[in-house]
Amino acid sequence: MVVAVKQNVSEEKLNSLVSFLKEQDINVHIVRGQYQTVLGLIGDTSKIDIDTISGLDIVESVMRISEPYKSANRKFHPDDTVITIPSAMGAVEVGRGFTIIAGPCSIESEEQIIEVAEAVKKSGANILRGGAFKPRTSPYAFQGLRGEGLKLLLEAKKATGLPIITEIMDERHLDLFGDVDIIQVGARNMQNFELLKELGHSKKPILLKRGLANTLQELLMSAEYIMSGGNEQVILCERGIRTFETATRNTLDLSAVPVLHELSHLPVIVDPSHACGIAKLVEPMAMAAAACGANGVMIEVHNNPEKALCDGPQSLTPEQFDQAVAKIKRIYNAR
């Protein structure tokens, strides 16, 4: 249930209403927007009499939320959420402007990650990505450098000043992510609910990728798991879904971007690299993501894709990335 409060209401009256609602064993989340204050009621609201609340002189309207996700719901939080990532180069605001995340699928060596980091920074990337723990379909494929990979990613952060994002596989690894700026939950773990619960207690921003066979409601329910634990810094990521089409690795569902913006206040970014699986398709799909309203893109960049230990065919070279960024920015500025 959402209670919209009238403008210029005194704190005394607002606190009185909040106290009354809490006495009904309801959790009350106060959202102070630019033009309106909204109370999000979480719990068993069936015993709350809408007419009684609506009749209060400080209440503008009352609405029951039928969707199962509450905290991620735009009705609950009308204003767009902007997630601030501190950086030596100045804060990065995901949800305001257009954020570009770039870097190799997998960290392979100190020389590789620093060379790529410096290149993507020069081209305009805001955040550096790099995989240390790699979920692979085959148990014989390269699984990442794990803890050593995280150390190398931190060296690249130190060298460039870029904030970093990397994927977590298991809640037991959380202690290793203390200096990571954004924790990524991959598509395979979107419904790893125990992991999501643990991340709900974290104070770090979480980038949550859509599962390859999951609906948008299921994605938002996974975000709800994180947010219900107290961590409201969630970034949604569309990375393609599995369909009958075999021409690309997955089918990039760009319609998800405007739909998610309508349903939720959380930022939405697009990963065209994993969606397409083919380097030459990454640039046009990233441009399309900018055109349809995405808050950013995540692009894989490798200094030698032909020798990459992971996902070389979908990785751009630094030169290709530089050209792509220029086109993406032109599209974004024109929309």
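Note that the structure is predicted; figures quoted are calculated from it, not measured.
- Using modelled atom types, no side-chain atom of Thr251 and backbone atom of Gly240 make a donor-acceptor pair closer than 3.5 Å.
- A donor-acceptor pair under 3.5 Å is absent between the side-chain atoms of Arg188 and the main chain of Gly211, judged by distance alone.
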The test is side chain to side chain contact (heavy atoms under 4.5 Å, CB included); show your working for Leu212 and Arg239 and say whether it passes.
CA-CA 8 Å; Leu212 62 157; Arg239 48 79 68 201; 3.5 Å; yes
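- The side-chain heavy atoms of Lys209 and Met298, taken from C-beta on, include a pair separated by under 4.5 Å.
- Nearest heavy atoms, Leu316 versus Ala279: CD2-O, 3.4 Å.
- Residue Thr37 holds its OG1 atom at 7.5 Å from CD of Glu11, rounded to the nearest 0.5 Å.
- The shortest distance between side-chain heavy atoms of Glu306 and Asn304 falls below 4.5 Å.
- Checked for salt-bridge contact, Lys6 and Glu60 miss the test: no charged N lies under 4.0 Å from a carboxylate O.
- Taking 4.5 Å as the limit, every side-chain heavy atom of Asn27 sits out of range of all side-chain heavy atoms of Leu41.
- Taking the side chain as every heavy atom from C-beta outward, Asn295 and His261 approach each other to under 4.5 Å.
- Under the 4.5 Å side-chain contact rule for hydrophobic residues, Phe193 and Val234 share a cluster.
- Salt bridge annotation for Asp57-Lys13: present, with a cationic side-chain nitrogen under 4.0 angstrom from a carboxylate oxygen.
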Assess the residue pair Leu39 and Leu21 against the criterion (side chain to side chain contact (heavy atoms under 4.5 Å, CB included)); give the C-alpha distance rounded to whole Å, side-chain angles, the decisive distance to 0.1 Å, and a yes or no.
CA-CA 10 Å; Leu39 307 181; Leu21 293 169; 4.2 Å; yes
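- In the displayed structure, Asp80 atom CG is contacted under 6.0 Å by more than 12 heavy atoms of other residues, nucleotides or ligands.
- Ion pairing of Arg249 with Asp311 is present here, as a side-chain N (NZ or NE/NH1/NH2) and a carboxylate O approach within less than 4.0 Å.
- Separating the CE atom in Met227 from the OG atom in Ser71 is a distance of 5.0 Å, to the nearest 0.5 Å.
- With hydrogens and angles disregarded, a donor-acceptor distance shorter than 3.5 Å links the side chain of Ser222 to the backbone of Glu218.
- In this structure, the separation between CD1 on Ile235 and CD1 on Ile127 is 6.5 Å, given to the nearest 0.5 Å.
- Put simply, the side chain of Ser228 gets close to the backbone of Tyr225: a donor and an acceptor are under 3.5 Å apart.
- Classification of Lys327 and Glu283 as a salt-bridged pair holds, one side-chain N sitting under 4.0 Å from a carboxylate O.
- Contact of the Asp253 side chain with the Arg210 side chain is registered, since non-hydrogen atoms from C-beta on lie closer than 4.5 Å.
- At distances below 3.5 Å, not a single donor-acceptor pair connects side-chain atoms of Gln7 with backbone N or O atoms of Gln36.
- Taking CE of Met287 as the start and CD1 of Ile331 as the end, the distance is 4.0 Å to the nearest 0.5 Å.
- The closest donor-acceptor contact from the side chain of Glu262 to the backbone of Val259 lies at 3.5 Å or more, if one exists at all.
- Counting heavy atoms from C-beta outward, Asp181 and Ile165 have side chains that stay 4.5 Å or more apart.
- What you find for Gly97 and Tyr332 is that their closest heavy atoms are CA-OH, 3.2 Å.
- In this structure a side-chain-to-backbone donor-acceptor pair under 3.5 Å is missing from Thr160 to Glu118.
- When atom types are taken as modelled, the side chain of Thr317 and the backbone of Gln320 share a donor-acceptor pair closer than 3.5 angstrom.
- The hydrophobic cluster containing Val301 also contains Ile100, counting ILVMFWY residues as joined when their side-chain heavy atoms lie under 4.5 angstrom apart, directly or transitively.
- Residues Leu195 and Asn189 have side chains in contact (heavy-atom distance under 4.5 Å, counting atoms from C-beta outward).
- For the atom pair CG of Leu199 and CG of Leu208, the computed distance is 9.5 Å after rounding to the nearest 0.5 Å.
- Gln112 places a side-chain N or O within donor-acceptor distance of the main-chain N or O of Ser106, the cut-off being under 3.5 Å.
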As a quick check of understanding, evaluate side chain to side chain contact (heavy atoms under 4.5 Å, CB included) for Met190 and Asn214, giving each step before the final call.
CA-CA 9 Å; Met190 191 204 87; Asn214 288 105; 3.4 Å; yes
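- The shortest non-hydrogen separation linking Ala294 to Val257 is N-CG1, 3.5 Å.
- Ile65 contributes atom CD1, which lies 6.5 Å from atom NZ of Lys75 (distance to the nearest 0.5 angstrom).
- Here the shortest heavy-atom pairing between Leu236 and Ala223 reads CD2-CB, 4.1 Å.
- Side-chain N or O atoms of Asn333 include one that pairs as donor or acceptor with a backbone N or O of Lys329 at under 3.5 Å.
- Residues Val5 and Leu14 have side chains in contact (heavy-atom distance under 4.5 Å, counting atoms from C-beta outward).
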Using side chain to side chain contact (heavy atoms under 4.5 Å, CB included), reason through Ile269 and Val297 one step at a time and then give a plain yes or no.
CA-CA 5 Å; Ile269 72 163; Val297 289; over 6 Å; no
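- Looking at Arg74 and Asp79, no side-chain N of the basic residue comes within less than 4.0 Å of a carboxylate O on the acidic one, giving no salt bridge.
- Under a hydrophobic-cluster definition in which Ile, Leu, Val, Met, Phe, Trp and Tyr are linked whenever side-chain heavy atoms come within less than 4.5 Å, directly or via other members, Val59 and Val38 are assigned to different clusters.
- The aromatic rings of Phe133 and His173 lie parallel to each other, with less than 30° between the two planes, well short of the 60° mark.
- Atom CZ of Arg335 has more than 12 heavy atoms from other residues, nucleotides or ligands within 6.0 Å.
- Using modelled atom types and a 3.5 Å distance limit, the side chains of Asp271 and His274 yield a donor-acceptor pair.
- In summary, of the residues considered (Pro318, Ser315, Pro104), a side-chain contact (heavy atoms from CB on, under 4.5 Å) with Val116 occurs for Pro104 alone.
- The minimum heavy-atom distance between Met1 and Ile48, with the atom names listed, is SD-CG2, 3.9 Å.
- In terms of hydrophobic clustering, with Ile, Leu, Val, Met, Phe, Trp and Tyr side chains grouped at heavy-atom distances under 4.5 Å, Val180 and Leu152 are assigned to a common cluster.
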Taking it one step at a time, do His29 and Glu232 satisfy side-chain hydrogen bond (donor to acceptor under 3.5 Å, both in side chains)?
CA-CA 11 Å; His29 183 81; Glu232 298 181 356; 3.2 Å; yes
Kindly indicate, with the supporting measurements, whether the criterion side-chain hydrogen bond (donor to acceptor under 3.5 Å, both in side chains) is fulfilled by Arg64 and Thr45.
CA-CA 9 Å; Arg64 288 197 183 276; Thr45 59; 3.2 Å; yes
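- Shown here is Lys47, whose NZ atom has more than 12 heavy atoms of other residues, nucleotides or ligands within 6.0 Å.
- If you chain together hydrophobic residues whose side chains sit under 4.5 Å apart, Val2 and Ile42 fall into the same group.
- A salt bridge links Glu300 with Arg129: at least one charged nitrogen is closer than 4.0 Å to a carboxylate oxygen.
- Closest of all the heavy-atom pairs between Ser123 and Asp322 is OG-OD1, 2.8 Å.
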